[in-house]
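Encoded as structure tokens, the structure appears first; notes follow it.
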Amino acid sequence: MKNFTLTICLTLFALGNLVAQQEKGIIGYDNWLNSWTEFTPNTVEYGEPTQILSGNISEDTKLYKKDIYLLLGSVFVTDGATLTIEPGTVIIGDFKTNGSLIISRGSRIFANGLETDPIVFTSNRGVKKQGDWGGIFILGNAPINKFGNESAVNYGLKPSSYDNISYGGDNANDDSGIFKFVRIEYAGKRTKEFGYFNALTLAGVGSETTISNVMVSYCYGNSFNVIGGEINLDKMISYRTSSNDYEFNFGTQCKITNSLAIRSPYISGANGSKCMYIASYDEIDEVDLTKNKTDVIAENLTLVNVSDDLSSDIQIGLVKEALYIAPDVSASLNKTVISGFNPAVILDNRIKVNSENLDRIKFTEMYFNNCNGNIFTKNDSNNDDLENWYGNSIFKNVYSKGADSETFIDLKNPKRPDFRLRINKIIASND
């Protein structure tokens, strides 16, 4: 682990114009990024595989730290089996066969790493790159809003049974296990027919499932792709992904807290990838609108775009919005930092700017920093109505134009070592 990760242990300085010095962005009494994260995964040597995982795992199985495992092709945990992964275990996705791990509906994963001994999923290539292998799928029995309350992931996974790729059901409290203190590196391989894999797909996952302290680095697809279900996410990290950092769709009921996205305009995909994409459907005809629409509650997030020359990168089209909000969703962001985007938020142009819709899309105690505009409707340069609404003092939102080097500063307080991140130092350590 590189010493520079210690520079992440800091807090967002309470600038004079902040209301009552309100904390915003990732917080904590301890630096929860210490020990288990890795911001330069290309410098880590994990060793060669000693065991192969392939086909179906249809009975309870445990993976051990003493071995290094190769995911060969699509590996399914099926028939109600439980896959237990010991802390510190390394699992390598095969490049040639598009290695992927799928926890089928009704099965469980216990990947319960430790802060000092995380579980790592990474690439088997000598020179690691985005999209070297597939990704991880956790499929559950919680509701989605598609007709029939069931669907399937595909991506050319070649299951032995359709049930192995199905997700969705009627159990909002479904338990797919534990996924904690886990790193996922260089996932998101591209397929000709199905597009990019995502690093971690949570489809129909229920509220009894524990998902926390997960770091995704250098993914070609989305870092976190949440489809339906009812799930709490805490202490998530998305670092330098090419696609969206967090995508929510198809009736997701999600609360995400104390999480981070660090984007680079020189890595982001040409299709205008975002920190967060919140939708209830891709095509309205595929969902039952009498069912739950997507509802995302986000608190204490830090979403930052790091650019060598933000004005120039905006002008040539490398920088897009941080959040995109589609129709028929509810979204509530609170005490969150959004820094360095063009603009901070875009609402789909099918969302009428009226009190009913704006009551469902809330921004409170936010810190909008160094963005080329704040909240806009797509294809509409006049955002006076939105500025007047969200700029009202009752929402306690703050707008600033400070550089990251001025905004994210070290704050050494032995009584309470809160932290944010030193963006410029992190990026400088990787360039």
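Positions are given from 1 along the sequence.
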*Is a side-chain donor-acceptor pair under 3.5 Å present for Ser339 with Asn369?*
yes
*asked:* Treating Ser259 as the side-chain partner and Thr257 as the backbone partner, does any N or O pair qualify as donor plus acceptor under 3.5 Å?
replied: yes
*Is it true that a side-chain atom of Asn198 and a backbone atom of Leu200 form a donor plus acceptor pair closer than 3.5 Å?*
no
*Hey, are Thr40 and Glu38 close enough side-chain-wise for a donor-acceptor pair under 3.5 Å?*
yes
*Go through the side-chain N and O atoms of Glu185 and Tyr46 and say whether any donor and acceptor fall under 3.5 Å apart.*
yes
*Just wondering, do Val182 and Asn213 contact through their side chains at under 4.5 Å, heavy atoms?*
no
_Residues Asp132 and Ser123: side-chain donor-acceptor under 3.5 angstrom_ = yes
*Within the distance-only criterion (no hydrogens, no angle test), does the side chain of Asn397 pair as donor or acceptor with the backbone N or O of Tyr390 below 3.5 angstrom?*
yes
*Do Ser238 and Asp245 have side-chain N/O donor and acceptor atoms under 3.5 Å apart?*
yes
*Centroid-to-centroid, Phe137 to Tyr155, below 6.0 Å?*
yes
*Does the distance from a Lys or Arg side-chain N to an Asp or Glu carboxylate O, for Lys96 and Asp94, drop under 4.0 Å?*
no
*asked:* Assess whether a salt bridge exists between Glu150 and Arg105, defined as any Lys/Arg side-chain N lying under 4.0 Å from an Asp/Glu carboxylate O.
replied: yes
*asked:* Just so I know, are the side chains of Asn370 and Asn305 near enough to count as touching, which here means a heavy-atom distance under 4.5 Å?
replied: no
*Indicate whether the side chain of Ser58 and that of Asn56 have a donor and an acceptor atom separated by less than 3.5 Å.*
no
*asked:* Under 6.0 Å from the ring centre and within 45 degrees of the ring axis: does the NZ or CZ of Lys189 meet both conditions for the six-membered ring of Phe95?
replied: yes
*Are the charged groups of Asp175 and Arg108 less than 4.0 angstrom apart, N to O?*
yes
*Under 3.5 Å: donor-acceptor pair, side chain of Glu86, backbone of Ala111*: no
*Ignoring hydrogens and angles, tell me if any N or O in the side chain of Ser332 forms a donor-acceptor pair with the backbone of Lys362 under 3.5 Å.*
no
*Pairs involving residues 281-337, ordered by first then second residue, that meet ring pair (Phe, Tyr, Trp, His ring centres under 6.0 Å) (sequence neighbours left out)*: Tyr277-Tyr324
*asked:* I'd like to know if the side chain of Arg240 and the backbone of Ser264 have a donor-acceptor N/O pair within less than 3.5 Å.
replied: no
*Using a 4.5 Å cut-off on heavy atoms from C-beta on, say whether the side chain of Asp170 contacts that of Asn141.*
no
*Hey, is the main chain of Val77 close enough, under 3.5 Å, to the side chain of Ser107 for a donor-acceptor pair?*
yes
*Expected output: side-chain Asn357 to main-chain Lys352 donor-acceptor under 3.5 Å*: yes
*Check whether the ring centres of Tyr239 and Tyr218 lie less than 6.0 Å apart, and answer yes or no.*
yes
*Verify, without hydrogens or angle tests, whether Ser280 (side chain) and Thr294 (backbone) share a donor-acceptor contact under 3.5 angstrom.*
yes
*Does the side chain of Ser212 pick up a donor-acceptor pair with the side chain of Lys235 at under 3.5 Å?*
no
*Are a donor atom and an acceptor atom from the side chains of Asn349 and Thr377 found within less than 3.5 Å of each other?*
no
